[in-house]
Amino acid sequence: PREFTIAIAYTAVAPFMLIWIVIYFSIAYVVWKYQSLYVYFQRFETGWRYWPDIVNRIVTGMVLFQVTTFGCVFTSPRNN
């Protein structure tokens, strides 16, 4: 989740990085899916106790993205 927050905020500054970010998270998803199905054995379930923390991180990332975009748009020189 931390990497996703940083990636979303960084795409406002350098949109070209979005291609590499999508590739990175696509590969990470495949690896995570394989490991969770065949490698790791969970002896317990959390019962969705971490869901509020996940939502807070997503909202924080989106707010950071909006602030960064706002800063880039309104501080860039305008050609009038």
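The figures here come from the full heavy-atom set of this structure, side chains too, leaving out hydrogens, waters and symmetry mates. Sequence positions, counted from 1, serve as the residue numbers for this chain.
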Using the benzene-type ring in the case of Trp, are the ring centres of Tyr29 and Phe25 under 6.0 Å apart? no

Inter-residue atom distance Tyr10.OH - Leu18.CG, 0.5 Å rounding: 12.5 Å

Verify same cluster id: Phe65, Trp20 (apolar side-chain graph, 4.5 Å): yes

Classify the ring geometry of Tyr38 against Tyr34: parallel below 30°, tilted from 30° to 60°, perpendicular beyond 60°. tilted

Kindly compute the distance separating OG1 (Thr69) from CZ (Phe74), expressed to the nearest 0.5 Å. 11.0 Å

Do you reckon Ile19 sits in the same ILVMFWY cluster as Val22, going by side-chain contacts under 4.5 Å, direct or chained? no

Do the side chains of Leu64 and Met62 join up, straight or via other hydrophobic residues, at under 4.5 Å, putting them in one cluster? no

Given Lys33, which of Val30, Leu37, Val31 fulfils the side-chain contact (heavy atoms from CB on, under 4.5 Å) condition? Leu37

OG1 of Thr75 to CZ of Phe70, rounded to nearest 0.5 Å, is 9.5 Å

Val73 and Val67: same hydrophobic cluster, using ILVMFWY side-chain contacts below 4.5 Å? no

Nearest 0.5 Å please: distance from the CZ atom of Phe16 over to the OG1 atom of Thr11. 13.5 Å

Applied to residues 46-56, the salt bridge (Lys or Arg N to Asp or Glu O under 4.0 Å) test, sequence neighbours excluded, yields Asp53-Arg57

Give a yes or no on whether Val63 and Val13 share a hydrophobic cluster (residues Ile, Leu, Val, Met, Phe, Trp, Tyr; joining criterion: side-chain heavy atoms under 4.5 Å apart). no

